[in-house]
Engineer: 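Submitted below is the structure of interest, expressed as structure tokens.
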Amino acid sequence: MSVEMRNRHEALGLSREDVLAMYRLMLLARRADERMWVLNRAGKIPFVISCQGHEGAQVGAAYALDRSKDYVLPYYRDTAVALAFGQTVRDLLLAAFAKAEDPNSGGRQMPNHFGSRRHRIVSGSSPVSTQIPHAVGIALAARMRGDDVVAYVSFGEGSSNQGDFHEGLNFAGVHRLPVVFFCQNNGYAISVPAGKQLAAARVADRASGYGMPGIAVDGGDVLEVYRAMKAATDRARRGEGPTLVEARTVRLTPHSSDDDDRAYRSREEMEEARKNDPILRFGQYLTETGVAGEAELRAIDHEVQMEVDEATAYAERAKGPDPDELLRYVYREG
Amino acid sequence: MSVEMRNRHEALGLSREDVLAMYRLMLLARRADERMWVLNRAGKIPFVISCQGHEGAQVGAAYALDRSKDYVLPYYRDTAVALAFGQTVRDLLLAAFAKAEDPNSGGRQMPNHFGSRRHRIVSGSSPVSTQIPHAVGIALAARMRGDDVVAYVSFGEGSSNQGDFHEGLNFAGVHRLPVVFFCQNNGYAISVPAGKQLAAARVADRASGYGMPGIAVDGGDVLEVYRAMKAATDRARRGEGPTLVEARTVRLTPHSSDDDDRAYRSREEMEEARKNDPILRFGQYLTETGVAGEAELRAIDHEVQMEVDEATAYAERAKGPDPDELLRYVYREG
Amino acid sequence: MALKTYIEAVRDALREEMARDSSVFVLGEDVGVRGGVFRATLGLLEEFGAERVLDAPLAESAIVGVAIGASLYGMRPVAEIQFADFILPAVNQIISEAAKMRYRSNNDWYCPLVIRAPYGGGVHGGLYHSQSVEALFYHIPGLKVVAPATPYDVKGLLKAAIRDDDPVLFFEHKKCYRSIRGEVPEADYTVPIGTARVAREGTDITVISYGMTLHTVLEAANVVQGEGISAHVLDLRSLRPLDESAILEAAEKTGKVMIVHEDNKVGGVGAEVAALIAEKALFSLDAPVMRLAGPEVPAMPFNPDLEKEYVLTVPRMARAMRELARF
Amino acid sequence: MALKTYIEAVRDALREEMARDSSVFVLGEDVGVRGGVFRATLGLLEEFGAERVLDAPLAESAIVGVAIGASLYGMRPVAEIQFADFILPAVNQIISEAAKMRYRSNNDWYCPLVIRAPYGGGVHGGLYHSQSVEALFYHIPGLKVVAPATPYDVKGLLKAAIRDDDPVLFFEHKKCYRSIRGEVPEADYTVPIGTARVAREGTDITVISYGMTLHTVLEAANVVQGEGISAHVLDLRSLRPLDESAILEAAEKTGKVMIVHEDNKVGGVGAEVAALIAEKALFSLDAPVMRLAGPEVPAMPFNPDLEKEYVLTVPRMARAMRELARF
Ligand SMILES: Cc1ncc(C[n+]2csc(CCOP(=O)(O)OP(=O)(O)O)c2C)c(N)n1
Ligand SMILES: Cc1ncc(C[n+]2csc(CCOP(=O)(O)OP(=O)(O)O)c2C)c(N)n1
Ligand SMILES: [Mg+2]
Ligand SMILES: [Mg+2]
């Protein structure tokens, strides 16, 4: 193994603790996600939508942000970003069970519709791409206030075809705002392959139409994503404006628990995709570079599983919202 | 003068008759437009929106289409395109006076909201950019039917920031449809300069985001526009898909008769713009290349002025719609 | 006659119309190989090919805008909006363009276009997969809006919508899809847009509804029947145009009217129905015109208890019916 | 007190609020150097600088979406939509996002946001510069909708809207801009959103309206006064929430109610007002609830004769008032 390979994370300024924490976070998101499928198949929760295959992209992105002050506007696959910004596995499960303590919505929204003010995670909805102009507005407001804030907003490649993508990026480009637009391109919008979604070779090619750089990276490689995103957030922080970053990922599950992907994805294709599992790849990197041994990684996994077990037990027992809550918070109260 | 210069139109396959007809068309649009301002200032018509400065781009574009079968979805400045596709100066004035015979709308819409089925000019509205997906749908339908049809759709550079621009071009790119997207970039959206509308150097730069070629041309040079548009329509007709063509033009008037541009455009800038008057430039080309003498051009102008006079007189006298018409044609009748 | 589910009726209507008329085609998100997320277009790709069963990019304004363009050329597109909640990005195309095309061109251009959208809640869809959006459109001249409750009406109205020369919004209640079955004739038929239907004859109170709540109303009517209250039930079926004479006739029949819908009350379809009655049948009334509707909250929550609290149940309806009958 | 035009009241409210609170800023098309196409933001650029008076790209969904984002950060954006007709591309941002933000986040996030839009016709604006769009929004929980008729209310309501912690749609009737003048206090004041106002005391008939038609109603009331008919006139001012008690009180006062608006009738604001009365004041009524509204056509045509035919004139209103009084 070459020295460059060994030192990839160090060259990026990431310590051993950093990369182990990143690995743990990816695994935490994965195990929580897997748990939700089990709960769904057992009839305990009505809906799951997954991060599986995207964890590398998400953790690489989140680590490039300043988690103490930046704002994130994640989309429904961004489980690892929500965790990186302070939500817990308990929070995820509370949302999955739609309990009163769900920090996103008190059980009002579907799972993975993240939002908690104290973590600077802006509330998201289901209609895709609406969050893109919101991120631009956050960046605009932060600049008006003189705050050193970068706004992160994510979405799929299918969603990059919505008008709000275009209008949002254009606005940010004109006003050179500190936003990073992060496209997680997993090659599908539900059943429709990217080639039927857009004719451009890469979503990143759209950036030039907004006067900003467009970078495409291998989203299965958490360190490559970190590198590209760090350049983008640095640029934003220096006042040089927005960047569009596209991370190529794999979707290791059907679109959601309501989907059956056998009609439109061959099993061979799925096998190929699994080889690009970012957790597998990062685990290999860590062992091959000697950052951690197999046993150490297994220990992390064990710890993570315990955390998911505890969270599941807690969330399952937690109280649901009082039915009277239905009528609350349409407008400001008091 | 070099031979290339002399032969520019011939090299493009345009005859002496063609270029004289093109010049006449540009002038016809100009004189009709000027007349409307006079009528507006005299209090006879409530509203004018102009083609002045765009005639070269428009005539270059229209001549690159097959005026016997292609479909056009013009925007409100496209007076010369409407004329090229068969509307008459009478029609323009009937619309300006909002008379019953207005072919676009029977007096229901503002002037320059073109539309007449028999000319394959698709009815347009005021909200900008909505016509872009319509053109894509026309092209899709024509291809389904096996018809050899190219759809032309135009819009300003400001309007290229609407979501419908993005969604329309993307759809056409994915399905490789025979559409030519024609942006008339006059540097302003009402008072807002292009630099505040978009950060891209050129609107044409957006094409790569849709997997199609993007061409920017000098819209003050009718022959250059013709060249670029001919390549685009040929490409479309060969089944190779859409093209985005951007023509840089000048807006020689305020945005509309309701606007006063002195607040946002210097008189020096206007002087500069007038040097780029496409009619002036084409007239010079015609005389310098010996296609026509000054006298001949004056004769054309005279003839055109007569046509505008006749049309004005006709339209002013024409009947207005019967008030009962208000309630008609909300749905199919009978 | 065959017993069909609501969604089978959608599918049958689409298939038969596509077979009958080559200008009919469908487009939308996941309508092709996936057959639609609700499976409304299942099998169409195989039968009619990818040109007539078009998986569109994820962009509703383009789906509607492109469909408008195709309709102007003489095709009869049927656009699917995956969930009615996601029709909102297309509102400009629907209201500024489709609805005004014929009027603005003085009858020169028009849009024979259908937009299908599954709406309504009670299926754990949360805030954004449960909404009723019909009130945004039934106000708009130039549009037609239908919301059938039975498989028979689904098929007949969808065929009528596809053959109509004006834009029709076709709202399918997603809770009906698999839970509602009914007799559907084998032979070709249409149900005229703009006609309501007496769903139950009765003499004491009149209940007017449409979509999923129509079924709950009928259940509740059976409950109160046992207590000696006879409910006359009108199924609106079309929301624009409303069947004015059927509404007035039903109101006059009992003099006690209740309008029921899942959508929230203020400005909902029930407002117009009540206003119509207050305007044209006032002196037939023996009781205030009652409206039973969704609460004034943005949408139906995901949590099952909150969702249940939102939904109009049989007991709530029966209670309201008793109240009205006693008046 | 100073005599001000309707649009001066808009401008004064904006200027005073921007001076009072540095988190208030305006954005929209041509609001900067041009001062807005109607000149509502004239002088603001000079006074507050380009950062707080932002010429936005021509993209309404972004104007509203960016404003939502800024409001989430704690700013108080006032977005201008150049003509209400062009609010339609932003409907998704308004209804899916602004209206639902507080509810969906269980009170964690909210949007202190104002969207101003000039609406209405009678100014030769043709189909797309004359529309009334309030009916698309007054139905939506989570939104507030106001439509003032007088300079006093414009200023007081706009200030209240800017200080409100929820999204407010502020509809300014463009025909009022320069034709309506009124007294406006120098001192700071607000008019509470959700309160109607008795614009004229009367005893024979009750007329309920808002916006430009309120003024025509008042003129017509003067006409019929001469014939011995005393009209009580209520100015709604707020369309969501409606001032229910003021409406019922006004209805009960005379027992004969007419609702007037420029927007077309079916599903317009008048539908809800009539339904409310039919529900809660039925037995005070001596006559059917009358609605006088725009015709069921897509919009107001450009041709002046057609436009005149559309508009509710004083004679038409006076005729309707006589009819109602005679009932
Ligand atoms: C406006 C809108 N239209 C349709 C949907 C339904 N929908 C949910 S996710 C999805 C596909 C999104 O694909 P992509 O953007 O590639 O993200 P991915 O799920 O692949 O990560 C669709 C069509 C929606 N949520 N919003
Ligand atoms: C959706 C929409 N928003 C706003 C307007 C008002 N408006 C009319 S033309 C115009 C500027 C258009 O600029 P551009 O696209 O550059 O075309 P140009 O007039 O310069 O040729 C604006 C803002 C509109 N017609 N439609
Ligand atoms: Mg995807
Ligand atoms: Mg321009």
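Remember, predicted model here, so these are calculated numbers, not experimental data. Scope of the values below: all heavy atoms of this structure, side chains included, with no hydrogens, waters or symmetry mates. Residue numbering restarts at 1 for every chain, and letters A, B, ... go by the order of the sequence lines.
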Engineer: Inspect the contact between D:Arg34 and B:Asp261 and indicate whether a charged nitrogen and a carboxylate oxygen are less than 4.0 angstrom apart.
Structural biologist: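 Salt bridge absent between B:Asp261 and D:Arg34.
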Engineer: With a 4.5 angstrom heavy-atom cut-off, could you sort out which part of D:Ala56 is near chain B: side chain, backbone, both or neither?
Structural biologist: backbone
Engineer: Can you pull out the residues in residues 37-54 of chain B with any heavy atom less than 4.5 Å from chain D?
Structural biologist: B:Pro46, B:Phe47
Engineer: Which residue out of B:Met110, B:Lys99, B:His113, B:Arg328 racks up the most heavy-atom pairs below 4.5 Å with chain D?
Structural biologist: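 The candidate making the most pairs under 4.5 Å is B:Met110.
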Engineer: Please confirm whether the backbone N or O of B:Ala98 pairs with a side-chain atom of D:Asn303, one donor and one acceptor, at under 3.5 Å?
Structural biologist: yes
Engineer: Judged by atom type as modelled, is there a donor-acceptor pair below 3.5 Å linking the side chain of B:Asn161 to the main-chain atoms of D:Ala59?
Structural biologist: no
Engineer: Excluding sequence neighbours, so at least two apart, what forms salt bridge (Lys or Arg N to Asp or Glu O under 4.0 Å) with B:Arg206?
Structural biologist: none
Engineer: With a 4.5 angstrom heavy-atom cut-off, is it the side chain or the backbone of D:Glu296 that approaches chain B, or both, or neither?
Structural biologist: backbone
Engineer: If you check every heavy atom in residues 195-204 of chain B against those of chain D, which residues fall under 4.5 Å?
Structural biologist: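 B:Lys196, B:Gln197 fall under the 4.5 Å cut-off.
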Engineer: So for atom CZ, which belongs to D:Arg181, do other residues, nucleotides or ligands contribute more than 12 heavy atoms lying within a distance under 6.0 Å?
Structural biologist: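 Open: at most 12 neighbouring heavy atoms sit under 6.0 Å from CZ of D:Arg181.
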Engineer: Which bit of D:Tyr310 comes within less than 4.5 Å of chain B, counting heavy atoms only: side chain, backbone, both or neither?
Structural biologist: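 Both backbone and side chain.
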Engineer: Does any pair with a residue in residues 50-70 of chain D pass ring pair (Phe, Tyr, Trp, His ring centres under 6.0 Å), and if so which ones, sequence neighbours excluded?
Structural biologist: none
Engineer: Where is the tightest heavy-atom contact between D:Leu306 and B:Asp322, given as atom of each residue plus distance?
Structural biologist: CD2-O, 3.6 Å
Engineer: Among B:Ser125, B:Gly106, B:Ala263, which residue has the highest count of heavy-atom pairs closer than 4.5 Å to chain D?
Structural biologist: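 Maximum pair count with chain D is reached by B:Ser125.
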